[in-house]
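Naming: A, B, ... by sequence-line order, numbering from 1 per chain. Every value quoted in this text rests on a predicted model; they were computed, and no experiment measured them.
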Amino acid sequence: MTGDLVLQFLAQGAQMTMVLLIAPLAVGVVRLVKARLMRRQGPPLLQVYRDLAKLLRKESVIAESASWLFRSAPYLIFALTWVAAALVPSFASGLMFNWAADVVALVALLGAARALLALAGMDVGTSFGGIGSSREMMIATLAEPAMMLIVLTLAIAAGTTRLAGVADFFIAEPWAVRVTLALSLIALVIVALAENARIPVDNPATHLELTMVHEAMILEYSGRHLALVEAASHLKLVLYLSLLICLFAPFGMAPATAGPTGWLAGLVVWAAKLLLGAALLGVWEVSIAKMRVFRLPDFVGVAFVFGFLAILLAFLSRGAMA
Amino acid sequence: MSGAHDISHLLAGAMLVTSFALLYQERVASVLNAFAVQSITLALAVAWTAWSDNRPDLFITALIALGLKGIVIPLALRRMVERLGIHRQVEKVVGVGPALLVGLALTGLAQALVAKVATGTASHAREALALALAIVLLGFLMMIVRRNAVTQVVGFMSMENGLILAATGARGMPLVVEVSVAFSVLIALFVFAVFVFRIRERFDTVDIEALDRMRGDRR
Amino acid sequence: MIEPWQLVVLVPFAAALLLVAIPSYRAGAVVNVIASALTLAVGGWLVAFDRLVGDYAIIDELNIVFVVINTLVGFTTALFSAAYIGHEIESGRLSPAFVRFYHAMFQAMMGSMNVALIANNIGVMWVGLELATLITVVMVGLYRTPQAIEAAWKYFILASVGISLAFFGTILIYLAGQPALGEGVPAMTWSLLHGVAARLDPEILDLAFIFLLVGYGTKVGLAPLHAWLPDAHAEGPTPISAVLSGLLLNVALYALLRFKMLVSANPEALDPGQIMVVMGLVSLIFAAFMLYQRRDIKRLFAYSSIEHMGLMVFAFGMGGPLANFAGLLHMAMHSLTKSGIFFAVGHIAQAKGTQRLADIRGLSVTHPRLAVLFALAVLAICGLPPFGVFMSEFLILTTTFARDPWLALLPAFGLLVGFGALLLRLQGTIFGEPVGPSHRVDGSFVPMMLHLALVLAAGIFLPPMLVAWFQRAAELLG
């Protein structure tokens with residue numbers, strides 16, 4: 001029994017560490033794909049690890065007007081995002097803490113992280129930080145309700161708000177072509193793009209402050225603080241990719257009862273899917289132009305509309321769906 | 001069988017998405033593109049119903065939808081827009097956001113109406129009808145909230161798309177469907193072409209507001 | 001083998017094709033008149049013909065009335081149009097090329113209205129009505145002035161919306177009929193649907209009726225869906241105004257009545273009569289008040305059409321043999337009178353060169369014969385005895401009074417208000433000092449006089465055969 005318990009503990013711990021370790025790799029894949037598609041050599045795959053290590057070694061320069069919030073925010077943001085990312089079922093559903101992996105809890109954790117980041121952006125009193133924070137909150141005003149609608153739709157379909165339960169449900173049901181799922185997928189993709197500050201919402205590689213949303217909020221950070229905030233944003237990307245995989249492409253995920261071999265297989269499949277998702281993101285970012293800021297509410301509003309439509313249709317076809 | 005219904009619902013849902021896309025666009029050219037996509041999706045949906053329900057006569061409808069509404073009409077309209085130099089921007093009565101929200105409300109209304117009423121029919125027929133009604137209402141909405149004459153015609157034609165979808169969803173509705181389908185398309189094309197030309201001759205714009213100003217003796 | 005009843009549709013369409021090929025407008029006008037006369041003959045023959053219930057066509061007591069009125073007014077309008085168009089060409093408002101178009105469309109429109117009238121298949125009925133409407137849309141914009149185009153555009157938009165909603169209602173009726181009659185043509189056949197009406201799903205019928213009421217009601221001109229009517233009447237050529245008021249509104253009302261019969265036959269569905277009563281009253285009173293502010297003579301009588309259609313819908317909504325009889329009689333009388341008025345208005349407009357009421361004065365001085373005829377026609381439509389309109393309005397009011405005295409006050413009030421407005425305007429046009437130009441009137445007054453004579457005759461003495469005919473139709477309506 002204890003052996004079993006230890007194994008479970010290890011598995012859960014493995015998920016937590018895997019998520020942390022693979023995040024920079026995923027971002028590296030995105031950047032490499034983008035570069036290659038633009039016919040550039042691009043940075044090596046492991047460059048992101050090196051960047052993070054470099055930042056951790058460097059000195060953190062803090063403005064005089066910064067408060068305790070500025071100093072503590074990166075740690076809190078990193079912790080919150082890491083927990084959230086670790087909760088999303090990746091290679092196996094039914095791990096030890098999966099009862100805590102509630103979709104509503106997920107949204108709450110991410111919301112808290114975002115609130116802290118926005119406050120930190122405004123904390124020092126620079127104008128660019130303010131711009132970034134206000135834009136971020138504007139996007140959040142639409143993206144968060146959309147997110148809630150999406151997860152609720154899926155929860156209604158699966159009959160539970162536990163992510164693992166939802167994943168199990170979608171593994172069990174043949175992935176039939178349903179309108180509701182399709183709409184939720186589109187909506188979730190738009191929300192993911194908005195939350196991760198990807199094109200067309202925000203350009204992560206921009207150096208023009210007036211076009212920044214996410215980058216503007218972290219302009220003042222340096223050294224280990226910047227490392228933590230960057231790691232948090234990488235984790236967020238992995239979280240969303242993992243969420244998309246768990247909800248819409250859960251095949252290959254090991255069930256709760258599988259042993260270490262099952263988990264290993266699940267891990268490999270998950271990593272492959274994740275990196276494939278990252279590559280697709282790279283392709284997408286190269287194909288589309290960034291939107292003008294005042295069109296953003298319309299764009300993210302579309303996610304809200306689709307999420308709402310998905311719920312409407314789910315209610316209509318209650319009998320047909322669940 | 002449920003797989004077949006799922007696919008037809010997926011296509012109907014895609015058409016609904018394009019209806020929202022029509023409301024979302026800011027340029028006349030993109031409106032025409034969205035309309036073309038909607039018509040092509042309609043053609044696919046009708047063709048799928050033709051194949052899965054074994055009603056070969058519906059293939060004709062699908063072909064008409066694809067050829068006329070998916071290709072010819074958008075191309076013709078685009079040529080007209082370029083040649084006449086009509087405003088490339090869509091003049092809006094109501095912005096994109098509110099229009100999308102109203103569209104959402106209309107979709108909910110359509111669902112509620114159909115769900116309440118057709119309790120006897122099978123659930124898949126109900127869903128199809130609800131989606132079709134939503135598309136009709138959204139086409140109607142587009143006619144109201146966009147001021148450009150070209151987009152008003154597009155709104156009307158997307159209403160027709162919704163109607164055709166509803167008619168194909170109704171099992172066994174006879175050949176009259178095809179006749180009326182072809183009819184509406186032809187007549188609508190004829191009328192709107194005539195009008196847009198006449199409007200162009202008198203004005204520089206196809207903006208309805210400009211028409212409203214020229215009311216003359218209204219009493 | 002061509003059946004006789006098919007001729008009522010084939011003759012107009014054949015004539016339309018022929019007219020496209022004829023370049024001369026005079027020859028075209030003659031062909032137009034001949035074709036209309038032929039159609040009238042067929043219509044008259046159908047009265048004596050056996051009643052028929054086929055797969056796609058139906059000829060019963062109800063629609064034969066409509067068919068006869070349709071073909072009759074079509075014929076007289078063709079007569080009127082022959083002279084009118086000549087004048088329009090000479091004054092330069094129309095070019096000969098367009099006139100060829102005009103004649104062909106006229107016949108096509110008559111044909112499609114007949115299709116709608118004799119259709120037993122609700123889809124075919126829809127097609128006929130849609131085709132007729134769209135043709136009139138184009139004809140309204142015939143003059144290509146900015147106002148005409150705006151009127152035609154507004155008409156097009158509203159008509160399209162009406163068409164689409166009516167089509168959706170048609171689909172719903174099919175869905176309702178499917179369980180009882182099976183898939184395919186039977187579930188779209190009106191006579192079969194009427195037979196099983198009590199077994200149909202009442203909720204679907206309710207929803208369908210709402211859609212059909214809004215869709216076809218737009219074409220009937222019920223307020224608040226009437227917005228296209230005044231402009232369409234005012235900006236189109238006068239023969240088209242006559243046809244719109246006299247015919248197309250009736251055909252749309254007929255379609256509405258067919259569906260009313262269907263829904264009433266189901267005891268669990270909503271009561272269509274009540275809704276029709278309310279909408280009819282709203283139209284009636286609204287239009288009566290609007291009559292006071294009109295400055296354009298055609299718009300004035302367009303609102304009068306809305307008023308009378310409202311009264312008819314009210315009567316049919318009341319239901320019962322007497323009210324239905326009165327409604328049918330009023331429909332016939334209104335068609336004849338209103339088209340006669342529009343003939344007169346057409347002559348007046350040509351005589352004075354304008355449609356503005358302020359510029360039309362002193363007709364009794366400049367055009368005495370026209371003034372007399374016009375005055376008689378207006379008095380007729382106002383509901384003064386001994387004209388037929390008085391008879392039908394009186395019947396409607398007494399029936400309503402017998403059912404519900406307080407309710408009868410409303411239509412009476414509306415009619416009085418309208419009466420006042422029309423009389424006021426009539427006075428202004430007939431009497432006073434003539435102003436403005438005053439051209440000779442070319443056309444013949446025969447069509448107008450014919451209509452007035454018929455209305456007068458109906459008011460004084462309605463032949464028992466006609467009475468029995470209307471009664472049978474009224475019974476069908478339920």
Quiz item: Listed by chain and number, what are the side chain to side chain donor-acceptor pair (under 3.5 Å) partners of Tyr216(C), not counting sequence neighbours?
Solution: none
Exercise. Sort Phe211(C) into side chain, backbone, both or neither according to what part of it lies under 4.5 angstrom from a heavy atom of chain B.
Key: side chain
Quiz item: In Å, rounded to the nearest 0.5 Å, how long is the span from CE of Met159(B) to CZ of Phe167(C)?
Solution: 12.0 Å
Quiz item: How long is the span from the CG atom in Asp206(C) to the CG atom in Leu113(B), to the nearest 0.5 Å?
Solution: 11.5 Å
Quiz item: How long is the span from the CE atom in Met143(B) to the OG atom in Ser164(C), to the nearest 0.5 Å?
Solution: 7.5 Å
Exercise. Please flag which part of Leu357(C) lies under 4.5 Å from any non-hydrogen atom of chain B: side chain, backbone, both or neither.
Key: neither
Quiz item: For the atom pair CG (Leu133(B)) and CG (Leu172(C)), what is the distance rounded to the nearest 0.5 Å?
Solution: 8.0 Å
Quiz item: Between Phe168(C) and Leu129(B), is any pair of side-chain heavy atoms under 4.5 Å apart?
Solution: yes
Self-check item: Atom CZ of Phe140(B) with >12 non-hydrogen neighbours under 6.0 angstrom
Solution: no
Practice problem: With rounding to the nearest 0.5 Å, note down the distance linking CG in Leu165(C) to CG in Leu137(B). | Solution: 8.0 Å
Practice problem: Provide the closest heavy-atom pair for Ala166(B) versus Ile171(C) in the form atom of the first, atom of the second, distance. | Solution: CB-CD1, 3.7 Å
